[in-house]
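Each remark here refers to the structure printed beneath this line.
Since the model is a prediction, treat every value here as computed from it, not as a measurement. Note on naming: letters A, B, ... go to the chains in the order of the sequence lines (proteins, then strands), and numbering restarts at 1 for each one.
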2 protein chains.
Amino acid sequence: MLPTLDAFDLAILDILQRDNTVSQRAIALAVHLSAPAVQRRIRRLRESGVIRAEVAVLDANRLGRPLTLLVEVHVHDEHPLRTAGLRQRIAAEPAVQQCYAITGEADYLLVISAATMADYQALSERLFGGDDNVRRFRTSVALSCLKSGLQVPIERDAAAP
Amino acid sequence: MLPTLDAFDLAILDILQRDNTVSQRAIALAVHLSAPAVQRRIRRLRESGVIRAEVAVLDANRLGRPLTLLVEVHVHDEHPLRTAGLRQRIAAEPAVQQCYAITGEADYLLVISAATMADYQALSERLFGGDDNVRRFRTSVALSCLKSGLQVPIERDAAAP
DNA sequence: GATGAAATAGCTACAGA
DNA sequence: TCTGTAGCTATTTCATC
């Protein structure tokens, strides 16, 4: 389940995480391999979980969700049992795009997508309202998004001779 | 360039942002449309920018980048001319996955992927070191990632009869 | 890992509502 | 203008070397 990735794998991954619509033939050409070889590697990368998902990235503005909110959450007690409810509500809420447990002053950082501030207010009430383990939360509004992605930097050794 | 999205479009988008390897035929079946109709809609959604990208999401841990860092950056002057350099370095740095200009105490929030703390230290030096407009930056380490994605919540009206 | 055949998906054209 | 049917092209998939 932990296959070592060679330069071919890395080259393939680096293409796919930029654009997974490129054909296996084109990838094969780019990394100097045959198409079936590329296909077998992609299948292994999928099955082993190196490729976690293959998705379309949508424009939130065009879908009526122009707001991105960044929320630092402070809890009284970080103990798993005391935060289970919070974590479950976060997991269940589609508007919460990302959630990190973090070091430092705050305990959690959330990235949230919302249509209106009223919607966010209702959401924050749902997430934090009745939870007496939530000490406080501090919301920042994203004025603009300078960069948005989940791409993992890959050191590009030359792929092949 | 701003086509109104109907229930069919939304249903298609909701499938694709979860898994864009689903065939047009399967989508057609799911949303009760013919495959060519689905294809035409997908093409329009791509061209109009509603679909911003189609990508593979990789597991950073398996690629030797187990660290995620969340960095709040405070600048002296938010004026575009004074922050141009910073924004340019952020854009050029693959390790910076996300960057938001935000309201509140800090001015920017960065999500960064790194292999080691030493690498991050070098990176932060590159990003902020020589810039006298950067007043300070505060780094949090992500202890765990409870949720990770860029999916936009879509209200699922019934797709079609 | 490469080659070639079968299955499948994607694309285009045309007809109809 | 949009959908659906039909037919073609290209890609993926699988067996073999």
Side-chain angles (χ1 to χ4, degrees), chain A residues 1-59 62-64 154-161, chain B residues 1-59 62-63 151 154-161:
Chain A
M1 210 53 168
L2 284 165
T4 51
L5 306 174
D6 64 13
F8 288 114
D9 291 318
L10 294 177
I12 293 168
L13 290 170
D14 206 20
I15 293 171
L16 290 181
Q17 79 167 338
R18 290 192 167 79
D19 180 2
N20 74 348
T21 65
V22 302
S23 72
Q24 296 175 353
R25 291 181 134 77
I27 296 172
L29 207 67
V31 304
H32 304 106
L33 236 57
S34 72
V38 169
Q39 173 184 325
R40 278 192 293 268
R41 283 167 179 271
I42 292 175
R43 199 158 68 87
R44 275 182 29 221
L45 292 167
R46 282 202 257 246
E47 287 171 356
S48 68
V50 176
I51 296 176
R52 284 176 40 203
E54 289 158 278
V55 302
V57 181
L58 310 184
D59 187 329
R62 303 289 276 279
L63 287 160
I154 291 179
E155 278 91 39
R156 304 282 277 109
D157 321 355
Chain B
M1 210 51 170
L2 282 166
T4 51
L5 306 174
D6 63 14
F8 287 115
D9 291 319
L10 293 177
I12 292 168
L13 290 169
D14 206 21
I15 292 171
L16 290 180
Q17 78 168 341
R18 288 192 170 82
D19 180 2
N20 74 347
T21 65
V22 180
S23 72
Q24 296 175 351
R25 288 177 157 78
I27 296 172
L29 208 65
V31 304
H32 305 108
L33 235 58
S34 70
V38 169
Q39 171 179 319
R40 283 188 289 265
R41 283 166 180 271
I42 292 176
R43 195 158 60 87
R44 275 186 25 222
L45 291 167
R46 282 203 258 247
E47 286 170 356
S48 67
V50 176
I51 295 177
R52 285 178 39 205
E54 289 158 279
V55 303
V57 181
L58 310 183
D59 186 330
R62 304 289 278 278
L63 288 161
Q151 285 166 15
I154 293 179
E155 279 90 40
R156 304 282 274 109
D157 321 357

Once hydrogens and angles are ignored, does a donor-acceptor distance under 3.5 Å link the base of C:dG1 to the side chain of A:Arg41?
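There is none.
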Atom pair distance, as rounded to whole Å: [atom1] in [X] and [atom2] in [N]:
X: A:Gln24; N: D:dT11; atom1: CD; atom2: C1'; answer: 8 Å
X: A:Ile42; N: C:dG1; atom1: CD1; atom2: P; answer: 13 Å
X: B:His32; N: D:dT3; atom1: NE2; atom2: C1'; answer: 15 Å
X: A:Arg25; N: C:dG1; atom1: CZ; atom2: P; answer: 18 Å
X: A:Ile27; N: C:dA2; atom1: CD1; atom2: C1'; answer: 18 Å
X: A:Asn20; N: C:dG10; atom1: CG; atom2: P; answer: 12 Å
X: B:Arg43; N: D:dT3; atom1: CZ; atom2: P; answer: 13 Å
X: B:Arg40; N: D:dT5; atom1: CZ; atom2: C1'; answer: 11 Å

Counting side-chain heavy atoms from C-beta on, which of C:dG4, C:dT12, C:dG10 comes nearest to A:Pro36?
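Nearest to the side chain of A:Pro36 among the choices is C:dG4.
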Taking only the side-chain heavy atoms of A:Ser23 (C-beta and beyond), determine which of C:dG4, D:dT11, C:dG10 contains the nearest atom.
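Within the option list, the nearest is D:dT11.
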Could you tell me the separation between the CD1 atom of B:Ile42 and the CG atom of B:Leu13, rounded to the nearest 0.5 Å?
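So the gap between those two atoms works out to 8.5 Å.
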Could A:Asp9 and A:Arg41 be called an ion pair, given the rule that one side-chain N must be under 4.0 Å from one carboxylate O?
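Result for this pair is yes, salt bridge flagged.
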I would like to know whether B:Leu58 and A:Ile154 meet side chain to side chain contact (heavy atoms under 4.5 Å, CB included); could you show each step before the answer?
CA-CA 11 Å; B:Leu58 310 183; A:Ile154 291 179; 4.1 Å; yes
Check whether any side-chain N or O of B:Gln39 sits under 4.0 Å from OP1 or OP2 of C:dG10, and answer yes or no.
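So the side-chain polar atoms of B:Gln39 never come under 4.0 Å of the phosphate oxygens OP1 or OP2 of C:dG10.
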Would you confirm whether A:Gln39, through its side chain, and A:Gln24, through its main-chain N or O, come within 3.5 Å as a donor-acceptor pair?
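Between the backbone of A:Gln24 and the side chain of A:Gln39 there is no qualifying donor-acceptor contact (under 3.5 Å).
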